[in-house]
Structure formats: structure tokens, C-alpha cells
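Quick note: numbers below take in every heavy atom, side chains included, and nothing from hydrogens, waters or symmetry partners.
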Amino acid sequence: MKVRTRFAPSPTGYLHIGGARTALFSWLYARKMGGEFVLRIEDTDRERSTQASVDAILEGMAWMGLDHDEGPIYQTDRFERYKEVIQQLMDSGHAYYCYCSKEELDELRAAQMQRKEKPRYDGRWRDSDATPPEGVEPVIRFKNPLDGAVEFDDLVRGKITVRNAELDDLIIARSDGTPTYNMTVVVDDIDMEISHVIRGDDHINNTPRQINIMRALGYDTPQFAHVPMILGPDGQRLSKRHGAVSVMQYRDEGYTAEALMNYLVRLGWSHGDQEIFSRDEMVELFSLEGINRAPSAINQDKLFWINQHYIKSLPPAEVVAQLEWHVANQQLDTRSGPELADVVSAQCERFKTLHDLVAGSRYFYEDFTDYDEKSVKKQFKSATADYLRAARSGLEALTDWSDEAIHGVIEQTCEQLEVKLGKLGPALRIATTGGSSSPSLEITLRLLGQERTLSRIERAIEFIAARQV
RNA sequence: GUCCCUAUCGUCUAGCGGUUAGGACAUCGCCCUUUCACGGCGGUAACCGGGGUUCGAGUCCCCGUAGGGACGCCA
């Protein structure tokens, strides 16, 4: 049997991190098994579904590289099919009309809660001969088996058993005739020949109901794999107050797609002690058995670490490709400075995010307005101007603007002045970058270019002079 | 409340009856160092509690406890 998995989000918002990981697992399994990955949009709730959300989900998946083989299939395009199956259930005696009003059901629930019972429909219209009330559009309910139990082998959780007595007759069609979630999922998973339903474990309780409907329809059930949810850093349910929850927000904050994928795949799944997985490795090594049963909390620091790992180890050209968005977003004009790839090579060990890498490389392209106050206080002494002047003349004389040549000038200047590099180095760095954090001096100056280097040293000399007054 | 599920360092996890309970992030030292970083070496740190089963339980079973999820004419 061909492996076919699916990701079935409802378009009521952006693609959040939990959904993204579920999609990733589902995608990985399909790819690993040489199967197919279907994207289905569960938009039967017309009130809350929006095209903007569909676009956001598509954008998020594209950014992560989770390509689908079929879809997006919209459930709203399949209403005729659902109606057909619902009718089939009616005809075979597996479903019936229920004329209870919402108010009536609310009362029933309240009463049951008060008696400390599990709130559930009592089946009052199940085999009723009563005359339907006037003017009430009925809903259609599924006739859930009364006895026995539903048992299924979850590929992640193991055997799960629920007694049918715990289940009630769920609504499969609303009074306006539209199908409900549990109905559409069943029909779709059957029609689309889904072999493995990989989804969040908040659906675990729906599974026995869906299995019952599938059986009533005479179909075999797919395999199920319920993956645990992702928690916030505090172990609480993930929400906006935890910071980034949408996948695109991670992009915006400067994470590489590779890093987010790697982080996500290790959250709730493992392959021994391995931490770093390329996309190909993930596909090769992924297994449903490796998925954990307990929910896991996201951890900023580890994401930072992985992100930096990829910024350091991805080919600079690849980093540049992802950097472009941030360059544009931060309105940095890179035409008047060094190649971005060179900046990446020089800076990659210094930043945890692409955002910070761009923000921290500004001085290569634009003159900074202020010097870092602390650095100035510590390093710009009265004698500093003389040091800078000496370095300046040495650098000015250079015809070969290479790391080696620049390094040589700096060393010679120190010897000539009879000072340690600790005196000249920091001053030079502040003069040329405005602060005390940059790649090694020779690389920094080389990237800056001779002209820019000299003018900035000049400016620093003037700045120091002005301070002495 | 009822049902379902879960439980190893702060966090992500390895472990699949016999281990000095391993790795990673974070943290703390030391080293490297022209800044910031990177890197290297080392340290602190965990089997939720109680009963069983067994020669032997982190590993299997039961009961607690704690957390999560579900209980909609939402998905």
C-alpha cells in the first residue's frame, strides 16, 4: 500500500510553530517512505476561514520547503461529496435526524455537568417515533455503536482504547445541511486514500468517533500517529505572549529555514544523540517510532545555537540568499560596500540571527553617526590621536590592500610607536566601526576599503581633538 | 466533573531488566585570543512518590501525585 500522508490545517490564522512541526513530520514520513504528501484546507467553517490565512499557510510551508504532491484541496469544494456520504449513512440506518434546539442541548449539558457526569447527547431522537416539532431544521447525527469499545494502535502512543459508552451521537450535518469536521475528515481521508494520519494529539479523542464512522461506511481505517503538542518556554500552552508563534515570524526575526527545520525535527523526535540534521538526513533517518509521547517546551537558546550553527556552516552564498530579505527589510544599501558573501564569511561567527548580522554589519556600508560611548571612554585617550595618525599614514601608503599588508602596517606602527597592540588596536576598531565588536582588524579594514578606512580614521582624530578642548 | 494521554538534569533528549544514567542547549570554571565572537578542555545538574513482579528496575504492572488534552450545529 502506498504511503500517503496529509497536512490539513484550517485557515483561521497563520501557520504556527506547532502546526509546522506536525506538517514537517507528516512530510518527512511521506518523503522517507517514497509516498505522497497531500495538502488539504479544512475551511468548512466559513465564518472564520480566510483566503489571507490560506496564503499565509502556503507561504510558511514554501519557506520551509515542505512541498506537497497534491492540493491544496479545499473542503468547501467538496460539499456535494459530503452530502452524498451523509445520505448514504442515512440510507443505511447509521444516521438520523435530531430536532433538539441549541438551547435544549445547552440545558442537557448543564444538567449533566451539575451531576458531575461527562456531558454528552442522550440520544433522545435516536430511535424516536415522536413527531418532529414544527419549524425546526434538524441536524443529522451519527448512530455511534452503543456497546463494545474502539481500539486502535497509535504509531506514537501505542494502544488506545475507548468504550463506546463514552461516545455520543455526534452531529455530522448542521441544520443548514453543511457537514461538520468529523464527517469531512473521514470522507476526505478515505477519498484521498490517506494511509497515515499524522496530526496533533488534540485529535486523539476524535479518533474513535472517526473510526466508527469509517467502519459504518465499510472502509478500513488508516494508521494513526498522534504527535504531542509544543509548549511555551514556561511549559504552558503556546500563545502570543511567548513571542514568535508564527513560522513567518521566525523568518522575520532572522532564523534560517534550515535552522528552524532542524530545531523542530529535534523537538519531540530524536535519532540517538544526533543534533544536526540536513534536510536529506532528516528524510533518511526519520521514523514515527522516534517520536516522543510527552509534549515539549520550545527553547530560545537552543534555537539560537542551531541558527548560528547554520549561519556558520551553510555556504555563504546560501546565507546571502536568505539575508537579502533582511537587507531589504532593514533598508540597507549594499551597493557601496563589500560583497555580502564576504561580510557573511567575516561575520558569521558573531551573530545568532540573520537580522542581527545585517544590523551589525551596517558600518561596512554606511558611516555611523555616533561612537559607542563606553568604548570611547575607555579607549580614546589624549595620546590616541597620535597613534591613529601614525597608523593612518602607514595605511595611506599601502598600494596592496590585503589582509597581510594591513596586518603588517598595524604591527609596524606598534613597533614604531613602541606601544602594544592593545593600545592601537581597540582605538583603530572604534575609529573605523564605531564600536568594539568586529572581525579581526585586517579583515575589517580590508572589507571597509582603503578610502573609507582613511576617512574614518581622520574623522576619529578630529573627534578626539574636539573632545580635548 | 467524566474520559483519554503523559512523566529522566533548568530545557531538548539517549536509555528499550544488569550503565560510574550518555549527549546537546543553557549555566559555571580554565585555555586560546588584536575587540566581539568562534573554538578547545573541565565542572554543577535528572530517573515525581509509593507499592509490587524479578536474583536484579529509569526500564514491566498497579495506586497515588502533577501536567496536558478532549467533552460545540469549531476545526
Side-chain angles (χ1 to χ4, degrees), chain A residues 8-12 42-45 47-49 75 98 100-102 105-106 109 112-120 137-141 154 157-158 160-163 165-168 170-182 184-185 200-208 226 228-229 231 233 235-237 263 266-276 289 292-306 308 312 347-352 360 375 379 407 410-411 414 420-426 428-430 433 435-442 444:
Chain A
S10 54
T12 54
E42 309 216 324
D43 56 350
T44 53
D45 184 351
E47 298 280 299
R48 297 193 299 157
S49 301
Q75 292 192 320
C98 167
C100 288
S101 66
K102 289 182 188 178
L105 293 172
D106 287 344
R109 255 192 295 276
Q112 286 167 328
M113 288 283 246
Q114 199 160 30
R115 271 179 273 134
K116 306 199 180 231
E117 287 169 15
K118 184 174 180 173
R120 40 201 288 277
E137 284 300 325
V139 299
I140 297 176
R141 287 182 184 270
D154 191 284
R157 305 308 251 283
I160 294 175
T161 309
V162 178
R163 285 172 294 120
E166 293 296 332
L167 274 23
D168 62 359
L170 78 166
I171 292 171
I172 55 177
R174 304 183 181 96
S175 39
D176 66 2
T178 58
T180 59
Y181 168 74
N182 279 297
T184 59
V185 168
D201 70 1
D202 47 333
H203 288 293
I204 250 183
N205 293 281
N206 288 323
T207 308
H226 287 96
M229 60 188 303
L231 273 20
Q236 296 300 114
R237 196 190 179 109
Y263 179 72
R266 277 291 288 108
L267 200 58
W269 176 82
S270 62
H271 179 74
D273 286 337
Q274 189 168 343
E275 294 288 350
I276 300 299
E289 296 73 53
N292 272 135
R293 289 169 296 281
S296 35
I298 52 170
N299 180 248
Q300 261 281 324
D301 286 322
K302 187 149 186 182
L303 215 204
F304 272 145
W305 175 75
I306 292 184
Q308 183 170 44
K312 279 189 304 190
Q347 294 275 63
C348 64
E349 286 175 349
R350 253 161 287 273
F351 298 98
K352 294 184 193 312
S375 307
Q379 302 294 348
H407 184 79
I410 292 170
E411 269 191 338
C414 285
K420 290 197 171 163
L421 184 55
K423 287 277 184 201
L424 176 62
L428 210 43
R429 173 168 282 109
I430 297 160
T433 70
S436 53
S437 167
S438 87
S440 70
L441 272 174
E442 53 270 25
T444 303

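- Note: A:Arg266 CZ to A:Ile276 CD1 = 9.5 Å, rounded to the nearest 0.5 Å.
- At the heavy-atom level, A:His407 lies under 4.0 Å from base atoms of the strands shown.
- Side-chain contact check for A:Tyr181 versus A:Asp45: every heavy-atom pair is 4.5 Å or farther apart.
- Using a 4.0 Å heavy-atom criterion, one finds that A:Glu411 contacts no nucleic acid atom at all.
- Projected onto RNA chain B by closest heavy-atom contact, A:Ile204 and A:Pro138 fall at different nucleotides, the more 5' of which corresponds to A:Ile204.
- Among the protein residues, A:His226 comes within range of no part of the nucleic acid, since none of its heavy atoms lies under 4.0 Å from any strand.
- Put simply, the side chain of A:Ser175 and the base of B:C73 share a donor and an acceptor less than 3.5 Å apart.
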Pairs under 3.5 angstrom, nitrogen or oxygen only, protein versus nucleotides 28-30 of chain B, please.
none

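- For A:Lys302, taking side-chain heavy atoms from C-beta onward, the closest of the listed nucleotides B:C4, B:C73, B:C12 is B:C12.
- Between the base of B:G1 and the side chain of A:Gln112 there is no donor-acceptor pair shorter than 3.5 Å.
- If you check every strand for non-hydrogen atoms under 4.0 Å, A:Glu275 touches a base.
- Applying the 4.0 Å criterion to OP1 and OP2 of B:C73, one finds that A:Thr178 has every side-chain N and O outside that range.
- With hydrogens and angles ignored, the 3.5 Å screen pairs no side-chain donor or acceptor of A:Gln379 with any backbone N or O of A:Ile430.
- When heavy atoms are screened at a 4.0 angstrom cut-off, A:Ser437 is found touching base atoms of the nucleic acid.
- Counting distance only, with no hydrogens placed and no angle test, the side-chain atoms of A:Arg157 and the base atoms of B:C5 include no donor-acceptor pair under 3.5 Å.
- A:Gly360 comes within contact range of no nucleotide atom at all, as no heavy-atom separation falls under 4.0 Å.
- Contacts of A:Pro208 with the nucleic acid, taken as non-hydrogen atoms under 4.0 Å apart, are absent.
- Checking B:U6, B:A70, B:A75 against the side-chain heavy atoms of A:Thr44 singles out B:A75 as nearest.
- Positionally, the nearest nucleotide of RNA chain B for A:Asp273 lies more toward the 5' end than for the other of A:Asp273 and A:Arg429.
- Minimum atom distance to the side chain of A:Arg237 is reached by B:G69, of the listed B:G69, B:G23, B:G1.
- The A:Ser438 side chain lies nearest to B:U35 when the options are B:U35, B:A24, B:G69.
- At a threshold of 4.0 angstrom between heavy atoms, the contacts of A:Leu421 include nucleobase atoms, whether or not backbone atoms are also involved.
- A:Glu442 comes within contact range of at least one nucleobase, with a heavy-atom separation under 4.0 Å.
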